[in-house]
Chemist: 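Structure provided below as structure tokens; questions to follow.
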Amino acid sequence: MHRNRGSFGRNCTETMSCRWGTELWDQFDNLEKHTHWGIEFVERYTKFVKERSEIEISYAKQIRNLSKKYQPKKNSREEDEYKYTSCRAFLMTLNELNDYAGQHEVIAENLTTHIICELTRYIQELKAERKSHFHDGRRAQQHIENSWKQLESSKRRFERDCKEADRAQQYFDKIDADINVTKADVEKRCSLKARQQAQLKHQVAEDSKNEYLTYLQKFNKEQNEHYYSLIPHIFQKIQEMEEKRIEKVGESMKTYAEVNRKVLPIVSKCLDGMTNAAASIEPTMDTKQVVESFKSGFEPPGDVEVEDYSLSMRRTVSESSYLNSRGEGKPSRSNSRGKLWPFKRNKLMSLLASPRQPPPPPPTSPSPGAMPNGPQSPQQPKEPLSHRLNEFMTSKHKMQCLRSLTRGLSLKLGSGPEDCSHLPPEQRRKKLQAKINDINKELQKEVDQRDALTKMKDVYVKNPHMGDPNSVDPRLEEIGQNIDKLELDSRKYETWLLEVETRLAEKSDPHRRQSGLYDSNATTPVNNNCAPVNRESPDGSYTEDHSTEHHLKSRSTDFDDDFDDEDPLPTIGTCKSLYPFEGQNEGTISMAEGELLYVIEEDKGDGWTRVRRNEDEEGYVPTSYIKVFFDTNAKDS
């Protein structure tokens, strides 16, 4: 029965042509464990690829967020920085980095599509196929085990019947061999019963033998078919399934590498873009751009002349004479107007006349009006205004303060005049040129729209069924008005630009500058103790001659002209006086208790607030004497 099993123990040849059906005919349980491990390995590899895909997505997201974080924000100072080549190179690097992140997203997408989804579907199919094959193997094993049980049962029955037949035959032989029994008794007692019993047992044994032989022949046939046909066929299918699984894993690993290799050219291009961006940096161009951005167009100041104070000649112009000469030149508008003129003249005189001392503390009594003289306004020494003016005009620090005050006031009131006259010459020229370029772009857009609408109208005229030609006229008229306005603005800005360029050309021409200086010297007397007249300072202001009172008076006339042209400051709120205040010093204004005034400039930290009573009266009052109600909209604007 088991005589041929030893022949199954052949080893695999060196050519690896092993067949599980013949080499592993008795390893059904081990094959079941191995195939189960193979499926777990595929699931583990799928999980690995899935986690790699998640890492790629997370990495790409972080790279994109990093690139977005350092991108220039709209309407911010960072946009101005990108006129430098290094900043533009950095922007190109950020864009390439964004594309680089996109390639990692492509890797994650391809890994999910070509590996994760495919292996997930294949694992389900592999589990179903494995279950089917091992179900067939168990059924074959169950059948051969049942045949073996039937054979063993017939064998035991045949053995039992043979023993019973042998005992019956021995009993018959014993009776037949007894010498004490007569022949008649033998024939009478044994021949009939013992002989029949022995024959019956022999017949039963013969039948059991035949049955045993039948089952034996059947089992050998089924066993041969089981180990040489059924099991090899099932194991061969399991082997093919395992080889297919291993091949699938290999293909997935190859796809894994190809997915990464496909993005390498684009990644290489991104890196090349970063390299080219770094190569595009030009230090000389950036330093030149700094000059273009901040060049003012002013000339450096000349040498400062010696002022000899040892001479006996001194200026006798006093503040009273200065003010009297001004009063003779122009009629006084009002008393308060005459006292508060520094606040409505240019920023120079406003700076001179503003209170220098800290404001008085508020009175401690409930009613300041009960005090004999009331709170005293700040007192300042009666210094001749001409001396203060000369001190201001010859002080570089105050000239810088004047310049900062002018710029700060222009920024506070708005973006500056339309002709950009608040800017230095070179910056003004660039600003005007930029505005002209913007106007030309808008003008070109309007012209293109006009041409397109004109063609549309011609089509409607030729083909009335396509539309009404008159429906285009309102839009054409509107565009025509826009074009006229833009052309007018363009001519206006070009005129201003020509003016600035002419001035810059005159300053850059040494011959013109020298001839201008000669003309100035020919018409203006020069004192030996003073600097030349009309010497231009670096910030565009001028230091005047210190020689005569006539020059000082003419300067006051210039201040009055500046004052007449300047608009009053807008109100930013209202205030109510808590105590009475007598403005005795220049630059202050008196007020009664409970009086309502307009606030035009808030406290800058020195304890004074600038207020206005009406169109002509304004000045400073102590902040602690009033209660301020700011207008939020006016203050923000």
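Since the structure is predicted, the reported quantities are computational estimates derived from the model, not experimental observations. Computed over heavy atoms, backbone and side chain alike; hydrogens, waters and symmetry mates excluded.
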Chemist: For His36 and Glu40, does a side-chain donor sit closer than 3.5 Å to a side-chain acceptor?
Modeler: yes

Chemist: Counting only N and O atoms by type, is there a donor-acceptor contact under 3.5 Å from the side chain of Gln103 to the main-chain atoms of Val263?
Modeler: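 Checked: no pair found.
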
Chemist: Regarding Gln71 and Asn95, is there a side-chain donor-to-acceptor distance under 3.5 Å anywhere?
Modeler: yes

Chemist: Do we see a donor-acceptor contact under 3.5 Å between the side chains of Gln444 and Asp448?
Modeler: yes

Chemist: Examine distances only and state if a side-chain atom of Thr623 and a backbone atom of Gly607 form a donor-acceptor pair shorter than 3.5 Å.
Modeler: yes

Chemist: With the threshold set at 4.0 Å, does a side-chain nitrogen-carboxylate oxygen contact exist between Arg475 and Glu478?
Modeler: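 So Arg475 pairs with Glu478 through a salt bridge.
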
Chemist: Applying the side chain to side chain contact (heavy atoms under 4.5 Å, CB included) test to Lys248, which of Leu119, Val42, Leu126 qualifies?
Modeler: Leu119

Chemist: Verify, without hydrogens or angle tests, whether Ser280 (side chain) and Ala277 (backbone) share a donor-acceptor contact under 3.5 angstrom.
Modeler: yes

Chemist: Got a salt bridge between Glu251 and Lys254, using NZ or NE/NH1/NH2 to carboxylate O under 4.0 Å?
Modeler: no

Chemist: Between Asp286 and Thr85, do the side chains contain an N or O donor and an N or O acceptor separated by less than 3.5 Å?
Modeler: yes

Chemist: Checking Asp603 against Arg610 for the salt bridge (Lys or Arg N to Asp or Glu O under 4.0 Å) test, could you report, in this order, the C-alpha distance in whole Å, the side-chain angles of both residues, the deciding distance, and whether it holds?
Modeler: CA-CA 8 Å; Asp603 189 353; Arg610 191 173 178 182; over 6 Å; no

Chemist: Salt-bridged, Lys435 to Asp489, with N to O below 4.0 Å?
Modeler: no

Chemist: Determine whether a donor-acceptor pair (N or O, by modelled atom type, separation under 3.5 Å) exists between the side chain of Thr35 and the backbone of Glu32.
Modeler: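 Pair found, side chain donor or acceptor close to backbone of Glu32.
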
Chemist: For the side chain of Gln427 and the backbone of Lys295, is there at least one donor-acceptor N/O pair under 3.5 Å apart?
Modeler: yes

Chemist: If the condition is side chain to side chain contact (heavy atoms under 4.5 Å, CB included), which residues does Glu96 pass it with, not counting sequence neighbours?
Modeler: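 Residues passing side chain to side chain contact (heavy atoms under 4.5 Å, CB included) with Glu96: Asp99, Cys270, Met274.
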
Chemist: Can you give me the closest heavy-atom contact between Tyr493 and Ile436, atom names plus distance?
Modeler: CB-CG1, 3.6 Å

Chemist: Between Asp136 and Arg139, is there a side-chain N and carboxylate O pair less than 4.0 Å apart?
Modeler: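 Salt bridge between Asp136 and Arg139, a charged N being under 4.0 Å from a carboxylate O: yes.
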
Chemist: What's the shortest heavy-atom distance between Thr609 and Glu601, and which atoms?
Modeler: CG2-O, 3.4 Å

Chemist: Is any side-chain heavy atom of Val447 closer than 4.5 Å to a side-chain heavy atom of Ile483?
Modeler: yes

Chemist: Between Arg88 (side chain) and Lys83 (backbone), is there a donor-acceptor pair under 3.5 Å?
Modeler: yes

Chemist: So, are Glu418 and Lys492 salt-bridged, with charged N and O less than 4.0 Å apart?
Modeler: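 A salt bridge links Glu418 with Lys492.
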
Chemist: Does the side chain of Arg52 come under 3.5 Å of the side chain of Asn260 through a donor N or O and an acceptor N or O?
Modeler: yes

Chemist: Return each pair, listed once, that meets ring-ring contact (aromatic ring centres under 6.0 Å, His included) where at least one residue sits in residues 251-281; pairs must be two or more places apart or across chains.
Modeler: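 Of all non-adjacent pairs touching residues 251-281, those that pass ring-ring contact (aromatic ring centres under 6.0 Å, His included) are Phe48-Tyr256.
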
Chemist: Look at atom CD of Glu243 and say whether more than 12 heavy atoms of other residues, nucleotides or ligands are closer to it than 6.0 Å.
Modeler: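 Yes, enclosed.
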
Chemist: Here's one to test your reading of the geometry: is the NZ or CZ of Arg130 within 45 degrees of the ring axis of Phe134 and under 6.0 Å from its centre?
Modeler: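 The answer is yes, since Arg130 meets both limits relative to Phe134.
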
Chemist: Taking Ser471 for its side chain and Asp468 for its backbone only, find out whether a donor-acceptor pair lies under 3.5 Å.
Modeler: yes

Chemist: Is the shortest side-chain N to carboxylate O distance from Lys47 to Glu43 below 4.0 Å?
Modeler: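 Not counted as a salt bridge, because no side-chain N and carboxylate O are separated by less than 4.0 Å.
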
Chemist: Does one side chain, of His226 or Gln141, offer a donor that lies under 3.5 Å from an acceptor on the other?
Modeler: no

Chemist: Any sub-3.5 Å donor-acceptor pair from Ser67's side-chain atoms to Leu94's backbone N or O?
Modeler: yes

Chemist: Tell me, yes or no, whether the heavy-atom count around Phe90 atom CZ, taken from other residues, nucleotides or ligands under 6.0 Å, exceeds 12.
Modeler: yes

Chemist: Ignoring hydrogens and geometry beyond distance, is a side-chain donor-acceptor pair present between His135 and Lys131 at under 3.5 Å?
Modeler: no

Chemist: Give the minimum heavy-atom separation between Ser252 and Ile115, together with the two atoms involved.
Modeler: O-CD1, 3.5 Å

Chemist: Any Lys/Arg nitrogen of Arg121 or Glu125 sitting under 4.0 Å from an Asp/Glu carboxylate oxygen of the other?
Modeler: yes

Chemist: Does Glu54 offer a backbone N or O that forms a donor-acceptor pair with the side chain of Ser58 under 3.5 Å?
Modeler: no

Chemist: Decide whether Gln236 and Arg19 meet the rule of one side-chain donor and one side-chain acceptor closer than 3.5 Å.
Modeler: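 Present: a donor and an acceptor within the cut-off.
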
Chemist: Are there more than 12 heavy atoms of other residues, nucleotides or ligands under 6.0 Å from atom CE of Met253?
Modeler: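 Yes, because the 6.0 Å sphere around CE of Met253 holds more than 12 heavy atoms from other groups.
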
Chemist: Is the closest basic N to carboxylate O distance between Arg245 and Glu242 below 4.0 Å?
Modeler: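 Answer for the salt bridge query: yes.
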
Chemist: Please determine whether a side-chain nitrogen of the Lys or Arg among Glu129 and Lys244 lies less than 4.0 Å from a carboxylate oxygen of the Asp or Glu.
Modeler: no

